[in-house]
Asker: 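Provided herewith is a single structure, encoded as structure tokens, for subsequent inquiry.
The sequence lines fix the lettering, A, B, ..., with proteins before strands; numbering per chain opens at 1.
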2 protein chains.
Amino acid sequence: MAERISDAEHAVMEVLWDESPLTAQDVAERIPDTRDWSANTVKTLLGRLLAKSIIAHEAEGRRYLYRPLVKREDYVAGESRKLMDRLFGGRLSPLVAHLADRDALTAQDIAEIEALLKELKA
Amino acid sequence: MAERISDAEHAVMEVLWDESPLTAQDVAERIPDTRDWSANTVKTLLGRLLAKSIIAHEAEGRRYLYRPLVKREDYVAGESRKLMDRLFGGRLSPLVAHLADRDALTAQDIAEIEALLKELKA
DNA sequence: CCGTAATGACTACGGATGTAATCGTATCGT
DNA sequence: ACGATACGATTACATCCGTAGTCATTACGG
């Protein structure tokens with residue numbers, strides 16, 4: 001189950017998380033243009049994701065409709081945690097400190113995070 | 001310059017960031033036991049990091065002392081930003097929301113982050 | 001019915017990665 | 001001086017990844 005999603009595969013997943021089920025062609029069309037992929041490339045990636053049981057497909061006539069089996073939520077949670085563990089000893093505050101330091105924060109971000117924390121304390 | 005550091009290479013870097021310069025053998029000894037690597041494996045990784053100019057070596061007698069050329073700070077910043085961009089549209093607050101939600105932050109974590117934000121607003 | 005296009009399956013292939021063995025040489029102990 | 005040893009350099013090799021081409025089959029237009 002805990003199969004790894006590669007970078008290219010992730011691009012496919014983002015499409016399917018955004019909308020599903022989709023045919024292979026639909027997926028290919030929705031891949032951001034910055035990735036200049038042939039339709040075949042997308043099909044290969046769908047095949048690999050299938051093999052890893054990260055997505056599933058059901059026949060629709062002579063082709064397939066693809067849908068995610070893994071929730072974006074869970075993927076994102078896993079990746080975030082891995083980063084936090086690997087680079088920040090599993091603690092969130094150093095991560096925040098780090099990014100905050102590098103001026104990744106707007107005033108709105110700050111307000112949002114503060115609200116969040118207030119919520120947590122309550 | 002912007003050469004990628006693989007996962008195995010990262011383990012080597014952590015050792016060198018913690019203490020340097022070190023000989024290949026010193027590095028091998030300091031690799032966490034969970035990675036059950038032969039000394040040769042470590043040397044291969046040092047060689048690859050050298051090739052990518054992520055570390056440097058200077059002769060010490062008939063062997064080398066290795067030291068990082070890239071600061072951990074910078075590496076960590078890059079990785080954090082990549083994650084944030086890839087999964088959270090480049091915004092920090094959803095990341096915090098996510099991790100906060102999934103895992104109890106200690107009161108201390110909360111306090112630390114709040115202090116940080118207060119600092120930023122000032 | 002027949003050629004053509006669409007579609008999934010299979011195959012390809014260079015580069016990165018994880019993990020090491022082997023080789024050549026310099027050194028150290030005796 | 002000689003054999004054992006310690007090192008770096010070179011080579012190995014299976015797997016994964018990015019990117020795609022080719023093949024077989026089926027449906028569709030004419």
Side-chain angles (χ1 to χ4, degrees), chain A residues 1-16 20-67 70 75 78-79 82 86, chain B residues 1-16 20-67 70 75 78-79 82 86:
Chain A
M1 205 171 282
E3 290 279 12
R4 156 143 205 82
I5 297 177
S6 81
D7 191 64
E9 287 161 6
H10 176 233
V12 170
M13 290 308 290
E14 285 294 347
V15 171
L16 287 174
S20 79
L22 292 177
T23 66
Q25 190 180 358
D26 288 341
V27 173
E29 276 163 14
R30 274 155 238 239
I31 295 285
D33 293 349
T34 44
R35 308 243 185 193
D36 198 23
W37 283 346
S38 81
N40 279 335
T41 297
V42 174
K43 285 189 202 167
T44 298
L45 294 171
L46 285 170
R48 288 180 183 169
L49 288 166
L50 268 180
K52 298 189 207 171
S53 298
I54 290 165
I55 63 177
H57 62 355
E58 61 205 67
E60 186 238 23
R62 64 196 219 74
R63 55 196 174 158
Y64 290 121
L65 293 179
Y66 298 85
R67 72 173 69 250
V70 175
Y75 173 70
E79 292 298 301
K82 252 189 299 183
R86 232 170 37 108
Chain B
M1 205 170 283
E3 290 279 11
R4 158 137 206 84
I5 298 177
S6 81
D7 191 64
E9 287 160 6
H10 175 233
V12 170
M13 291 306 291
E14 286 293 347
V15 171
L16 287 175
S20 79
L22 292 177
T23 66
Q25 189 180 359
D26 287 341
V27 173
E29 276 163 14
R30 274 154 239 239
I31 295 286
D33 294 348
T34 44
R35 309 244 185 191
D36 197 23
W37 284 345
S38 81
N40 279 335
T41 297
V42 174
K43 285 187 201 168
T44 298
L45 293 171
L46 285 169
R48 287 179 184 170
L49 288 166
L50 269 179
K52 298 189 207 172
S53 297
I54 291 166
I55 63 178
H57 62 355
E58 63 205 67
E60 186 238 24
R62 64 198 217 73
R63 54 197 175 157
Y64 290 121
L65 292 178
Y66 297 87
R67 70 172 70 250
V70 177
Y75 172 70
E79 293 297 301
K82 253 189 299 181
R86 235 172 30 111

Asker: Measure the distance from CG on B:Leu46 to P on C:dG18 and round it to the nearest whole Å.
Answerer: 14 Å
Asker: Taking C-beta and beyond as the side chain, do A:Trp37 and A:Leu45 meet within less than 4.5 Å on heavy atoms?
Answerer: yes
Asker: Extract, from 5' to 3' on DNA chain D, the first and final nucleotides lying under 4.0 angstrom from some heavy atom of chain B.
Answerer: D:dA6 to D:dA12
Asker: Write down the distance between CG (A:Leu50) and P (C:dC10), rounded to a whole number of angstrom.
Answerer: 12 Å
Asker: Counting any heavy atom closer than 4.0 Å, what does B:Ala24 reach on the DNA or RNA strands: base, sugar-phosphate only, or nothing?
Answerer: sugar-phosphate
Asker: So what does A:Thr41 hit on the nucleic acid, given a heavy-atom distance under 4.0 Å: a base, only sugar-phosphate, or nothing?
Answerer: base
Asker: Begin from the C-alpha positions of B:Leu50 and B:Leu46 and carry the test side-chain contact (heavy atoms from CB on, under 4.5 Å) through to its verdict.
Answerer: CA-CA 6 Å; B:Leu50 269 179; B:Leu46 285 169; 5.7 Å; no
Asker: Okay, side chain of A:Arg86, backbone of A:Lys82: is any donor-acceptor separation there less than 3.5 Å?
Answerer: no
Asker: Any side-chain heavy atom of A:Tyr75 sitting closer than 4.5 Å to one from A:Ile54?
Answerer: no
Asker: Nearest-nucleotide wise, let me know which of B:Arg48 and B:Asn40 is further upstream toward the 5' end of DNA chain C.
Answerer: B:Arg48
Asker: Contact between B:Asp26 and B:Thr23 at the side-chain level, heavy atoms closer than 4.5 Å - yes or no?
Answerer: yes
Asker: Does any non-hydrogen side-chain atom of A:Ile55 lie less than 4.5 Å from one of A:Met13?
Answerer: yes
Asker: How many whole angstroms separate atom NZ of B:Lys43 from atom C1' of C:dG18?
Answerer: 17 Å
Asker: Give the rounded distance in Å between these two atoms: CG of B:Leu45 and P of C:dA21.
Answerer: 14 Å
Asker: Give A:Thr23 one of three labels, base, sugar-phosphate or nothing, depending on what nucleic acid heavy atoms sit under 4.0 Å from its own.
Answerer: nothing
Asker: Rounded to whole Å, how long is the line connecting atom CG of A:Asp26 with atom C1' of C:dG8?
Answerer: 15 Å
Asker: Would you kindly compare B:Arg62 and A:Arg35 by the position of their nearest DNA chain D nucleotide and give the one closer to the 5′ end?
Answerer: B:Arg62
Asker: Rounded to whole Å, please give me the gap between CZ in B:Arg4 and P in C:dG15.
Answerer: 18 Å
Asker: Which atom pair, heavy atoms only, marks the closest approach of B:Lys43 to B:Ala24?
Answerer: CG-CB, 4.0 Å
Asker: Tell me which residues in residues 5-16 of chain A put a heavy atom below 4.0 Å from DNA chain C, sorted by number, or none.
Answerer: none
Asker: Answer with yes or no whether the side chains of B:Thr41 and B:Thr44 bring together a donor and an acceptor at under 3.5 Å.
Answerer: no
Asker: Evaluate the salt bridge (Lys or Arg N to Asp or Glu O under 4.0 Å) criterion for residues B:Glu9 and B:Arg4: first the C-alpha distance (whole Å), next the side-chain angles of each, then the deciding distance (0.1 Å), finally the verdict.
Answerer: CA-CA 9 Å; B:Glu9 287 160 6; B:Arg4 158 137 206 84; over 6 Å; no
Asker: Output the rounded distance in Å from CD (A:Gln25) to C1' (C:dA5).
Answerer: 11 Å
